[in-house]
There are 2 protein chains.
Amino acid sequence: MSHETAPLDAEQLGAYFALMEVSTLLQHAVDEHLRADGDLSYVQFQILARLTDAPDGKLRMTDLADGVVYSRSGLTYQAGLLEKRALITRTPAPDDERSVIVTVTDTGRGLVAQVLPGHIDVVRRLLFDSLHKRDLATLGSVLGRVREHMRAAPPRSAKPRAARPRTA
Amino acid sequence: MSHETAPLDAEQLGAYFALMEVSTLLQHAVDEHLRADGDLSYVQFQILARLTDAPDGKLRMTDLADGVVYSRSGLTYQAGLLEKRALITRTPAPDDERSVIVTVTDTGRGLVAQVLPGHIDVVRRLLFDSLHKRDLATLGSVLGRVREHMRAAPPRSAKPRAARPRTA
DNA sequence: CGAATATGCTTCGAACTTGAAGCATGCCAC
DNA sequence: GTGGCATGCTTCAAGTTCGAAGCATATTCG
């Protein structure tokens with residue numbers, strides 16, 4: 001409790017703003033290219049990529065949603081779109097009737113393969129071309145540690161407030 | 001052109017994913033608190049914060065939009081909401097009839113002051129509590145450099161593609 | 001077993017976002 | 001000075017997002 005309301009110093013503020021701005025710009029750039037190259041949004045690409053990496057190309061809806069940091073209802077919506085384009089299939093899980101198993105199709109894998117080079121290229125140009133090997137190593141390890149820290153902290157819901165009408 | 005399609009190595013991929021995941025998680029957490037504390041979305045807070053920092057608390061719509069990396073139409077929408085809550089005012093620019101000058105009101109400043117401590121607290125807990133002083137310095141300087149690099153590169157629009165119906 | 005609770009996904013309504021189109025004002029060249 | 005392009009904002013339609021509520025299947029515990 002030693003720091004409850006102490007302000008962030010200038011260095012911290014700068015790092016925070018830089019982080020948010022960099023990620024926003026990067027996401028916009030990547031999104032643009034994915035759309036041009038394969039008519040995919042960033043979220044859709046993330047879903048497909050994650051499935052492509054998964055064993056057998058299969059994942060449950062919930063795990064997928066957690067993986068991409070996305071709402072469940074949002075995922076249902078996007079899964080519907082991807083299924084319509086035959087990039088994935090949805091089948092009830094054999095062991096748990098409630099679960100839905102999402103699977104990448106060959107078409108889906110093909111599309112990922114098609115857009116991946118361009119995607120990577122954008123990331124490289126924007127993010128890595130300005131970094132030395134040393135910086136890269138630091139950035140990766142520092143962010144990796146932060147990620148672990150965040151995953152551990154459960155800020156999820158935990159809000160015993162009376163249901164406010166959500167005006168804004 | 002030496003690297004047009006070379007894949008990213010594992011280290012780069014890791015840093016990229018960590019960056020995106022950290023920023024997403026952080027943004028969600030911050031958004032949640034802002035909403036609980038002051039009924040503000042992250043975007044709305046950004047707008048108010050930027051105005052609060054600007055000389056005289058005034059900015060033109062376009063500059064504001066560029067500052068928060070946001071679409072113009074989106075900004076018009078949010079400005080409407082904020083104006084309704086008397087957090088900002090919109091007045092035509094005296095020197096250029098086309099421009100609109102946005103100004104934070106005292107109420108707006110008050111609200112920012114009210115939510116700021118909580119905001120900062122979330123950022124600190126999630127982002128900085130896991131970092132040593134040394135890491136922080138590196139993160140800040142590295143991201144700062146990346147940001148400069150990105151701002152320089154003009155990926156903006158520049159898409160002479162035929163207007164596709166934007167299917168997905 | 002059977003009720004109570006938890007878990008997994010979808011549906012629903014409302015809010016937010018975006019690019020394109022629309023309008024107005026400014027700027028430039030002729 | 002005036003026709004043509006540029007700039008700044010708003011409106012519009014379509015798509016996306018989220019949380020809450022709804023449903024169905026699992027699990028737990030009496």
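Labels below follow one simple rule: chain letters A, B, ... track the order of the sequence lines, proteins then strands, and each chain is numbered from 1.
Nucleotide D:dC18 holds its P atom 11 Å from the CD atom of B:Gln27, rounded to whole Å. Atom C1' of nucleotide D:dG8 and atom CZ of B:Arg60 are separated by 8 Å, given to the nearest angstrom. The OH atom of B:Tyr42 sits 19 Å away from the P atom of D:dT17 (whole-angstrom rounding). Rounded to whole Å, the distance from CG on B:Leu81 to P on D:dT10 is 13 Å. Atom CZ in A:Arg72 sits roughly 20 Å away from atom P in D:dA24 (whole-Å rounding). With rounding to whole Å, B:Met61 atom CE is found 10 Å from D:dT11 atom P.
Distances shown here put a side-chain N or O of B:Gln78 below 4.0 Å from the OP1 or OP2 atom of C:dT17. Proximity of A:Arg90 to the phosphate of C:dT10: a side-chain N or O atom is located under 4.0 Å from OP1 or OP2.
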Evaluate the side-chain contact (heavy atoms from CB on, under 4.5 Å) criterion for residues B:Thr103 and B:Leu51: first the C-alpha distance (whole Å), next the side-chain angles of each, then the deciding distance (0.1 Å), finally the verdict. CA-CA 7 Å; B:Thr103 313; B:Leu51 286 172; over 6 Å; no
Check the pair A:Glu148, A:Arg151 against salt bridge (Lys or Arg N to Asp or Glu O under 4.0 Å), reporting the backbone distance first and the verdict last. CA-CA 5 Å; A:Glu148 292 317 312; A:Arg151 280 179 173 160; 3.5 Å; yes
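Picking from D:dT25, D:dT17, C:dT10 the nucleotide with the shortest atom distance to the side chain of A:Val43 gives D:dT17. Nearest to the side-chain atoms of A:Arg98 among the listed nucleotides D:dG8, D:dT10, D:dA26 stands D:dA26. For B:Tyr70, the listed nucleotide lying nearest its side chain is C:dT17; candidates were D:dG15, D:dA6, C:dT17. Here D:dG15 is the nucleotide among C:dC16, D:dG15, C:dG26 with the atom lying nearest to any side-chain atom of A:Tyr77.
Between A:Pro94 and A:Ser71, the residue anchored closer to the 5' end of DNA chain D is A:Ser71, taking for each the nucleotide with the nearest heavy atom. Each of A:Ser73 and B:Asp95 was matched to the nucleotide of DNA chain C holding its nearest heavy atom; the match closer to the 5' end belongs to A:Ser73.
With respect to the salt-bridge test (charged N to carboxylate O, under 4.0 angstrom), the residues B:Arg60 and B:Asp63 qualify.
In this structure, B:Ser99 reaches the sugar-phosphate backbone alone: every heavy-atom distance under 4.0 Å involves primed, P, OP1 or OP2 atoms, never a base.
Aromatic ring centres of A:His28 and B:Tyr70 lie farther apart than the 6.0 Å criterion allows.
Between the A:Gln46 side chain and the A:Ser41 main chain, no donor and acceptor come within less than 3.5 Å of each other.
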